[in-house]
2 protein chains.
Amino acid sequence: MRKRPNRRTAFELLDSAPLFAALGDQMRLRLVSRLCEQGAASISRLTAGTGVTRQAISKHLRVMHNSGLVDSTRRGRERIWRLNQRRLQDARRYVEIISQQWDDALARLRTFVED
Amino acid sequence: MRKRPNRRTAFELLDSAPLFAALGDQMRLRLVSRLCEQGAASISRLTAGTGVTRQAISKHLRVMHNSGLVDSTRRGRERIWRLNQRRLQDARRYVEIISQQWDDALARLRTFVED
DNA sequence: GGCTTATGCAACCTTCGGGTTGCACATTAC
DNA sequence: GTAATGTGCAACCCGAAGGTTGCATAAGCC
């Protein structure tokens with residue numbers, strides 16, 4: 001049987017809040033999709049067709065950057081943004097940790113109740 | 001090879017924003033952990049030891065409820081809250097969809113570049 | 001009945017988030 | 001050099017988010 005998550009895991013889990021928060025906005029999810037499809041793009045390109053200002057997109061990118069979801073590199077006068085896949089994997093792992101906690105809890109309950 | 005996500009999938013993905021947002025707060029993640037460990041609990045019990053007011057916790061629970069993360073049932077004068085596991089699975093699925101989009105994008109890029 | 005406990009509702013405060021406009025500054029194109 | 005393009009920075013607006021206090025109400029305990 002799998003061992004229950006230790007204190008370290010729970011602590012790490014709390015750190016994932018900013019990552020989930022970064023995914024918790026429609027516009028940012030659109031940006032994620034866009035970055036997936038186009039691989040990498042400048043702010044101007046990312047802004048086109050969104051219906052909001054370049055500055056708005058810029059702020060979203062900063063939020064995503066602060067949680068590690070995207071990285072950027074300067075190329076000439078442009079700044080190119082790309083998804084950080086490792087961070088996506090983290091999100092995946094976090095959700096699985098929670099699910100696993102839940103499953104473990106169910107298992108423990110069954111042990112007690114044994115209906 | 002796996003087919004790329006269609007418009008329907010992308011649309012569904014945007015709907016996942018509230019779910020991620022519900023997970024994007026430290027206090028709410030603590031609540032999730034607590035609900036995992038204890039299975040189900042009343043507001044009072046969930047509030048104990050958090051350092052904030054019962055009302056604050058109540059609001060967090062409402063946010064989580066609006067995104068389908070938790071359900072509640074009345075039992076006597078108490079209201080019992082529990083995690084909705086299906087919604088957790090949804091979160092899991094959404095993250096995987098994004099990861100998959102990413103993988104597909106990489107694959108397409110390779111097809112073009114063929115370095 | 002009367003006290004305690006568990007919750008719900010409403011008003012309020014303060015900070016933050018998403019958005020805008022305006023301007024300054026590089027970099028590329030001609 | 002000059003014009004156009006791509007960004008960055010700062011101030012501002014407004015509504016929502018996280019939190020509080022105060023009061024009302026319903027259910028259990030004695």
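Heavy atoms only: backbone and side chains are in, while hydrogens, waters and symmetry mates are out. So that the names make sense, note that chain A is the first sequence line, chain B the second, and so on, each numbered from 1.
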>> Can you list, in residue-number order, the parts of residues 70-83 of chain B that come under 4.0 Å of DNA chain D, counting heavy atoms only?
In response: B:Gly76, B:Arg77
> Would you say A:Ser58 reaches D:dT7's phosphate, i.e. side-chain N/O to OP1/OP2 under 4.0 Å?
Replying inline: no
Only pairs under 3.5 Å count here: list side-chain donor-acceptor contacts from residues 91-98 of chain A, not counting sequence neighbours, and write none if there are none.
from    : atom 1 : to      : atom 2 : distance (Å)
A:Arg92 : NH1    : B:Ser99 : OG     : 3.4
A:Arg93 : NH1    : A:Asp90 : OD1    : 3.4
A:Arg93 : NH2    : A:Glu12 : OE2    : 2.8

> So how far off straight is the helix from C:dG1-D:dC30 to C:dC30-D:dG1, going by the axes through five pairs at either end, to 10°?
Replying inline: 30°
> So does A:His60 get a side-chain nitrogen or oxygen closer than 4.0 Å to the phosphate oxygens (OP1/OP2) of C:dG17?
Replying inline: no
> What class does the angle between the rings of A:Phe20 and B:Phe20 fall in, given that below 30° is parallel, 30 to 60° is tilted and above 60° is perpendicular?
Replying inline: parallel
>> Taking 4.0 Å as the cut-off, does a side-chain nitrogen or oxygen of A:Ser42 come that near to OP1 or OP2 on D:dT7?
In response: yes
Less than 3.5 Å apart, which donor and acceptor atoms pair up between the side chains of residues 67-76 of chain B and the rest of the protein, not counting sequence neighbours?
from    : atom 1 : to      : atom 2 : distance (Å)
B:Ser67 : OG     : B:Met64 : O      : 3.1
B:Ser72 : OG     : B:Arg79 : NH1    : 2.9
B:Thr73 : OG1    : B:Arg82 : NH1    : 3.3

> Tell me, which of residues 17-27 of chain B have any heavy atom that sits under 4.0 Å from an atom in DNA chain D?
Replying inline: B:Asp25
> Atom CG of A:Leu88 and atom CG of A:Leu83: how far apart are they, to the nearest 0.5 Å?
Replying inline: 5.5 Å
> Which residues satisfy the side chain to side chain donor-acceptor pair (under 3.5 Å) test with B:Arg28, sequence neighbours excluded?
Replying inline: B:His60
>> According to side-chain contact (heavy atoms from CB on, under 4.5 Å), who are the partners of B:Gln85, at least two apart in sequence or on a separate chain?
In response: A:Trp102, A:Asp103, B:Gln89
> So what does B:Arg45 hit on the nucleic acid, given a heavy-atom distance under 4.0 Å: a base, only sugar-phosphate, or nothing?
Replying inline: nothing
> Partners of A:Ala41 by side-chain contact (heavy atoms from CB on, under 4.5 Å), sequence neighbours excluded?
Replying inline: A:Gln38, A:Arg45, A:Leu46
Review item, nucleotides 20-25 of chain C N/O atoms under 3.5 Å of protein N/O:
from   : atom 1 : to      : atom 2 : distance (Å)
C:dT20 : OP1    : A:Thr53 : OG1    : 3.4
C:dT20 : OP2    : A:Thr53 : N      : 2.6
C:dT20 : OP2    : A:Thr53 : OG1    : 2.2
C:dT20 : O5'    : A:Thr53 : OG1    : 3.0
C:dG22 : O6     : A:Gln55 : NE2    : 3.4

>> Between A:Ser58 and A:Arg54 (side chain of the first, backbone of the second, donor and acceptor by atom type, cut-off under 3.5 Å), is there such a pair?
In response: no
>> If you compare all heavy atoms of A:Ser33 against all heavy atoms of B:Gln101, which two are closest, and at what distance to 0.1 Å?
In response: OG-OE1, 3.5 Å
